[in-house]
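Reading through the structure tokens given below for one structure.
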Amino acid sequence: MKNPRGPIERNIALELVRVTETAALAAAQYLGKGDKNLVDGAAVDAMRFTLGNIEMDGIVVIGEGEKDHAPMLYIGEKIGKGSGLEVDIAVDPVDGTTLTSKGLPGAISTVALSARGTMNYPKQFHYMNKIVTGIEAKDVIDIRATVEENLKAIAKAKKKPISEITVVVLDRPRHEQLLTDIRNAGARVKLISDGDVAASIEAAMPNREVDVLMGVGGTPEAVLSAAAIHCVGGMIQCMAWPRNKSERDAAVKKGIDVDKIYKTNDLIDCDDVFFAATGVSTGELLKGVRYFSGGAQTQSLAMRCKSGTIRWIDSYHNFKQLDKRKFR
């Protein structure tokens, strides 16, 4: 889909990095302190402050929840200075609040942005079954196929044996059969406790440790991941994963196709897509916040779909000059 209001000429991804940097700096203050609510609250406050100063007319499509249950960055909230670009915004101030609160690796702060009306969030489902891979194998995966069939197709596309294919999977009881199927097919497994946005990006990017992500994860994370995957040319496919019969029946009653397959373009329906992420705690994708006397260092990703540009940004922050309201 083309942007009916014309293309977004400004590379707003670089401005979004400031957003994720401030959120990561705020969250990292509570690294390992055992309180994920403090982590999330600090990151939300910081992210909203910085988003509010961007020249755009933004609507939060994916946020911290509905208006009555989330005081800031709620779904439907208008954000930005209210002029200029009309855009949809998806945020996850910290993908990995539990990781951060426990001092574990792999937490990141993320923001995605696309032209108004092009971000599709199937919010009637909390979870989706997903498969993600990079550009080499994006045309050969099929979420309806068996695990073995997908792994054979991916291995062939990547020109290596299944024994060298690594699958990243969330460590959850619901994935017991999936793990058995992956191992029986001969592939390797990398288990993660949280953070499937970072894991999806890893699976979609070339020459990384993992080749594919499989399994059930959050629906908001699927859309955020799709923005980054679209920028790097990979593929995500996902289907609704109702938690119980009641959730499935409620969706069917509303006329929702619970068997619909969502691909990258079904979740992000244009090329005017921008994505940014900053590491909170050091993981495979990004280094976390590192404090030093009088400041801190961060590492971020900035992506723009239209140009295919991916930037790795190392930043140094001087707390004597930085407006601390942005991250405290």
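One is the number of the first residue; the rest follow in order along the sequence.
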TODO: Mark yes or no for whether S300, through its side chain, and T278, through its backbone, hold a donor-acceptor pair below 3.5 Å.
DONE: no
TODO: Please check if atom CZ in R172 has more than 12 non-hydrogen atoms from other residues, nucleotides or ligands closer than 6.0 Å.
DONE: yes
Open item on the list: Let's go through R144 and D142 carefully: what are the C-alpha distance in whole Å and the side-chain angles of both, what is the deciding distance for salt bridge (Lys or Arg N to Asp or Glu O under 4.0 Å) to 0.1 Å, and is it a yes or a no?
Closed with: CA-CA 5 Å; R144 296 164 299 186; D142 184 347; 3.1 Å; yes
Open item on the list: Do T166 and R188 pair up side chain to side chain, a donor and an acceptor below 3.5 Å, judged on atom types alone?
Closed with: yes
Open item on the list: Tell me whether the count of non-hydrogen atoms from other residues, nucleotides or ligands lying under 6.0 Å of NZ in K156 goes above 12.
Closed with: no
Open item on the list: Checking side chain to side chain donor-acceptor pair (under 3.5 Å) between S315 and each of Q297, Q299, R18, E21, which is the one that passes?
Closed with: E21
Open item on the list: Are L85 and L113 packed together at the side-chain level, in the sense that at least one heavy-atom pair is separated by less than 4.5 angstrom?
Closed with: no
TODO: Would you confirm whether N129, through its side chain, and W241, through its main-chain N or O, come within 3.5 Å as a donor-acceptor pair?
DONE: no
TODO: Would you mind telling me which of D269, D57, D272 makes a salt bridge (Lys or Arg N to Asp or Glu O under 4.0 Å) with R116?
DONE: D57
Open item on the list: With heavy-atom distances below 4.5 Å as the criterion, would you say the side chains of L301 and W312 are in contact?
Closed with: yes
Open item on the list: Counting neighbours of NZ on K190 that are heavy atoms of other residues, nucleotides or ligands and sit closer than 6.0 Å, is the number greater than 12?
Closed with: yes
Task: R174 atom CZ: more than 12 heavy-atom contacts under 6.0 Å - done: yes
Task: Expected output: side-chain N244 to main-chain E247 donor-acceptor under 3.5 Å - done: yes
Open item on the list: For T282 and R290: C-alpha separation, side-chain torsions, deciding distance, then whether side chain to side chain contact (heavy atoms under 4.5 Å, CB included) applies.
Closed with: CA-CA 9 Å; T282 295; R290 183 176 68 84; over 6 Å; no
TODO: Please check if the side chain of H175 supplies one atom and the backbone of L170 the other of a donor-acceptor pair under 3.5 Å.
DONE: yes
TODO: For the pair T100 (side chain) and K36 (backbone), establish whether a donor and an acceptor sit closer than 3.5 Å, ignoring hydrogens and angles.
DONE: no
Open item on the list: For the backbone of M47 and the side chain of T50, can you confirm whether one donor and one acceptor N or O come within less than 3.5 Å of each other?
Closed with: no
Task: Working for side chain to side chain contact (heavy atoms under 4.5 Å, CB included), residues M119 and I89 - done: CA-CA 8 Å; M119 195 175 285; I89 298 169; 6.0 Å; no
Open item on the list: Hydrophobic clustering (ILVMFWY, side-chain heavy atoms < 4.5 Å, transitive) - are V167 and M205 grouped together?
Closed with: no
- [ ] For K102, look at atom NZ and say whether over 12 heavy atoms of other residues, nucleotides or ligands are found less than 6.0 Å away.
- [x] no
Open item on the list: Checking the side chain of K260 only, and the main-chain atoms of I256 only, is there a donor and an acceptor separated by less than 3.5 Å?
Closed with: no
Open item on the list: Are V197 and V44 connected into the same hydrophobic cluster when the rule is that any two of I, L, V, M, F, W, Y join if their side-chain heavy atoms are below 4.5 Å apart?
Closed with: no
Task: Minimum heavy-atom distance Q29-L25, with the two atoms named - done: CG-O, 3.4 Å
TODO: Identify whether V132 and I165 are in the same connected component of the hydrophobic contact network (ILVMFWY, side-chain heavy atoms under 4.5 Å).
DONE: no
Task: 4.5 Å side-chain heavy-atom contact, Q237 and I141 - done: yes
Open item on the list: If you define the side chain from C-beta out and look only at heavy atoms, does anything of V168 sit under 4.5 Å from E209?
Closed with: no
TODO: Dump the intermediate steps for side chain to side chain contact (heavy atoms under 4.5 Å, CB included) on V94 and L99, then the final yes or no.
DONE: CA-CA 9 Å; V94 180; L99 296 176; over 6 Å; no
- [ ] State, yes or no, whether a side-chain contact exists between R208 and L285 at a heavy-atom distance under 4.5 Å.
- [x] yes
Open item on the list: I want to check something: taking the side chain as every heavy atom from C-beta on, are C231 and V273 in contact at a cut-off of under 4.5 Å?
Closed with: yes
TODO: Identify whether V280 and F319 are in the same connected component of the hydrophobic contact network (ILVMFWY, side-chain heavy atoms under 4.5 Å).
DONE: no
Open item on the list: Please determine whether residues V210 and I154 belong to a single hydrophobic cluster, defined as Ile, Leu, Val, Met, Phe, Trp and Tyr linked transitively by side-chain heavy-atom distances below 4.5 Å.
Closed with: no
Task: Side chain E164, main chain P161, donor-acceptor under 3.5 Å - done: no
TODO: Using a 4.5 Å cut-off on heavy atoms from C-beta on, say whether the side chain of E136 contacts that of P206.
DONE: no
Task: Close side-chain approach of L191 to L179, heavy-atom, < 4.5 Å - done: yes
- [ ] Look only at the side chain of D88 and the backbone of G117, and say whether a donor-acceptor pair between them is shorter than 3.5 Å.
- [x] yes
- [ ] Show your working on side chain to side chain contact (heavy atoms under 4.5 Å, CB included) between H230 and N265 and close with a plain yes or no.
- [x] CA-CA 8 Å; H230 196 21; N265 286 341; 3.5 Å; yes
Task: Spatial distance of atom CG (N53) from atom CD1 (I79) [nearest 0.5 Å] - done: 9.0 Å
- [ ] Look at atom OH of Y316 and say whether more than 12 heavy atoms of other residues, nucleotides or ligands are closer to it than 6.0 Å.
- [x] no
Task: Passing candidate, side-chain contact (heavy atoms from CB on, under 4.5 Å) with I236, options I131, I143, T133, T264 - done: T264
- [ ] Give a yes or no answer on whether the side chain of E77 reaches the backbone of Y74 with a donor-acceptor pair at less than 3.5 Å.
- [x] yes
Show me the donor-acceptor pairs, under 3.5 Å and distance only, between side chains in residues 212-225 and residues at least two apart or in other chains.
| residue | atom | partner | partner atom | Å |
| --- | --- | --- | --- | --- |
| T219 | OG1 | F125 | O | 2.7 |
| T219 | OG1 | H126 | O | 3.3 |
| T219 | OG1 | Y127 | N | 3.4 |
| S225 | OG | E221 | O | 2.7 |

Open item on the list: Tell me every residue that passes salt bridge (Lys or Arg N to Asp or Glu O under 4.0 Å) with K254, counting only those two or more places apart in sequence or in another chain.
Closed with: none
